[in-house]
Amino acid sequence: MPAYHSSFNEYPDITQVGNMAVLPVKTRIRGPAPAADPSQLDILDETLDLFRANSLFRNFEIKGPADRLLIIFILFISDCLQKLGNARTTPNQIEATKSLNTLAVDNFPIPGDANFPLNAHYAPPSSRVDADYLRQYLTQVRQELAARLVEKLYADGTGKPSKWWMSFQKRRFMNRSLS
């Protein structure tokens, strides 16, 4: 059975930095990401929907620029779950929000950096301006993704993260990690 790919690969006129898509996002966080239609799903909704199924795969065929973005977001969610799972005590929703927001804005490698784990599959940005734009875009989108993940993790109202999500904290999509 093949892995699930992004439906945004078929979108016409996708803006790209390197060979990675820059897609519109529904967000409350300021940044350079284009605004998406609030009535439709965006790449973050799709990532959260596909995370658990795709994290079971060790191989992933990249079919377009949106798949490259999907891979980075799935790996980021894995890092978020691992961070929450490695906490000494089970964090409540407020602590999880603070912890994941800190993780989202921490310095992280982008394609082209020496310590980026997937450089073989990603083209580096063509200029310093593009690299700065990509870093700002990914920072904004990682913050939004962390906020949406916390909403999903604590949706049941018990004050503890969902065991159905936390069971994926040790899973490694493609045997990789961003950290």
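Just so it is clear, the model here is predicted, and its values are computed rather than measured.
Distance alone, capped at 3.5 Å, places no donor-acceptor pair between the Asp132 side chain and the Val129 backbone. Distance alone, capped at 3.5 Å, is enough to place a donor-acceptor pair between the Asn9 side chain and the Ala66 backbone. A side-chain donor-acceptor contact under 3.5 Å links Asn119 to the backbone of Asp113.
For the pair Leu178/Pro117, a side-chain contact is recorded, criterion being any heavy-atom separation below 4.5 Å from C-beta on. Counting only heavy atoms from C-beta outward, the side chains of Leu48 and Ile77 approach each other to under 4.5 Å. Side-chain contact between Leu56 and Phe168 is present, with at least one heavy-atom pair separated by less than 4.5 Å. Side-chain contact between Gln16 and Leu69 is absent, with no heavy-atom pair separated by less than 4.5 Å.
Taking each heavy atom of Ala131 and Pro125 in turn, the nearest pair found is N-CB, 3.6 Å. Across all their heavy atoms, Tyr154 and Pro161 have their closest contact at CE2-N, 3.4 Å. The two residues Cys80 and Leu149 have their closest heavy-atom pair at CB-CD2, 3.6 Å.
Interatomic distance, CD1 of Ile62 versus CD1 of Ile71, reported as 4.0 Å (0.5 Å rounding). Note: Tyr4 OH to Leu50 CG = 8.5 Å, rounded to the nearest 0.5 Å. Atom CD of Glu10 is separated from atom NZ of Lys63 by 9.0 Å, given to the nearest 0.5 angstrom. To the nearest 0.5 angstrom, Leu44 atom CG is 5.5 Å from Leu145 atom CG.
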Less than 3.5 Å apart, which donor and acceptor atoms pair up between the side chains of residues 97-104 and the rest of the protein, not counting sequence neighbours?
{"unit_1": "Thr97", "atom_1": "OG1", "unit_2": "Gln93", "atom_2": "O", "d": "2.8"}
{"unit_1": "Asn101", "atom_1": "OD1", "unit_2": "Gln143", "atom_2": "NE2", "d": "3.4"}
{"unit_1": "Thr102", "atom_1": "OG1", "unit_2": "Lys98", "atom_2": "O", "d": "2.9"}

Validation: residues 19-35 side-chain donor-acceptor distances under 3.5 Å, sequence neighbours left out:
{"unit_1": "Asn19", "atom_1": "OD1", "unit_2": "Ala123", "atom_2": "N", "d": "2.9"}
{"unit_1": "Lys26", "atom_1": "NZ", "unit_2": "Gln40", "atom_2": "O", "d": "3.1"}
{"unit_1": "Lys26", "atom_1": "NZ", "unit_2": "Asp45", "atom_2": "OD2", "d": "2.9"}
{"unit_1": "Thr27", "atom_1": "OG1", "unit_2": "Ile29", "atom_2": "N", "d": "3.0"}
{"unit_1": "Thr27", "atom_1": "OG1", "unit_2": "Glu144", "atom_2": "OE1", "d": "3.0"}

Per-pair distances, 0.1 Å, donor-acceptor, side chain in residues 82-91, under 3.5 Å, sequence neighbours excluded:
{"unit_1": "Gln82", "atom_1": "OE1", "unit_2": "Arg172", "atom_2": "NH2", "d": "2.4"}
{"unit_1": "Asn86", "atom_1": "ND2", "unit_2": "Gln82", "atom_2": "O", "d": "3.3"}

Full working for side-chain contact (heavy atoms from CB on, under 4.5 Å) between Leu75 and Leu118: CA-CA 11 Å; Leu75 293 175; Leu118 300 167; 3.6 Å; yes
Run Leu70 and Phe73 through side-chain contact (heavy atoms from CB on, under 4.5 Å) and show every step you take. CA-CA 5 Å; Leu70 182 70; Phe73 293 158; 5.6 Å; no
Steps toward side-chain contact (heavy atoms from CB on, under 4.5 Å) verdict (Ile110, Phe108): CA-CA 7 Å; Ile110 61 171; Phe108 57 92; 3.8 Å; yes
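In terms of the ring-ring contact (aromatic ring centres under 6.0 Å, His included) criterion, residue partners of Phe60 (sequence neighbours excluded) are, by chain and number, His5, Phe173. For Phe116, the ring-ring contact (aromatic ring centres under 6.0 Å, His included) criterion is met by Tyr122, not counting sequence neighbours. The salt bridge (charged side-chain N to carboxylate O under 4.0 Å, His left out) check on Asp42 picks up Arg148, with sequence neighbours excluded. Legend: residues meeting side chain to side chain donor-acceptor pair (under 3.5 Å) with Ser126, ordered by chain and number and at least two apart, are Asp130. Not a single salt bridge (charged side-chain N to carboxylate O under 4.0 Å, His left out) links Glu95 to another residue, sequence neighbours left out. Residues satisfying the ring-ring contact (aromatic ring centres under 6.0 Å, His included) criterion with Phe8, sequence neighbours excluded, are Tyr11. The side chain to side chain donor-acceptor pair (under 3.5 Å) search around Asp156 returns Thr158, not counting sequence neighbours. Applying the side chain to side chain donor-acceptor pair (under 3.5 Å) test to Asn59 and every residue at least two apart in sequence or in another chain returns nothing. Scored by the side chain to side chain donor-acceptor pair (under 3.5 Å) test, Glu46 finds Ser6, Ser7 as partners (sequence neighbours excluded).
Cation-pi contact between Arg52 and Trp164: absent, since separation from the ring centre below 6.0 Å together with deviation from the ring axis within 45° is not met.
No salt bridge links Asp79 with Arg142; every basic N to acidic carboxylate O contact stays at or beyond 4.0 Å.
No more than 12 heavy atoms of other residues, nucleotides or ligands lie within 6.0 Å of CD1 in Ile94, so this atom counts as exposed by the packing criterion.
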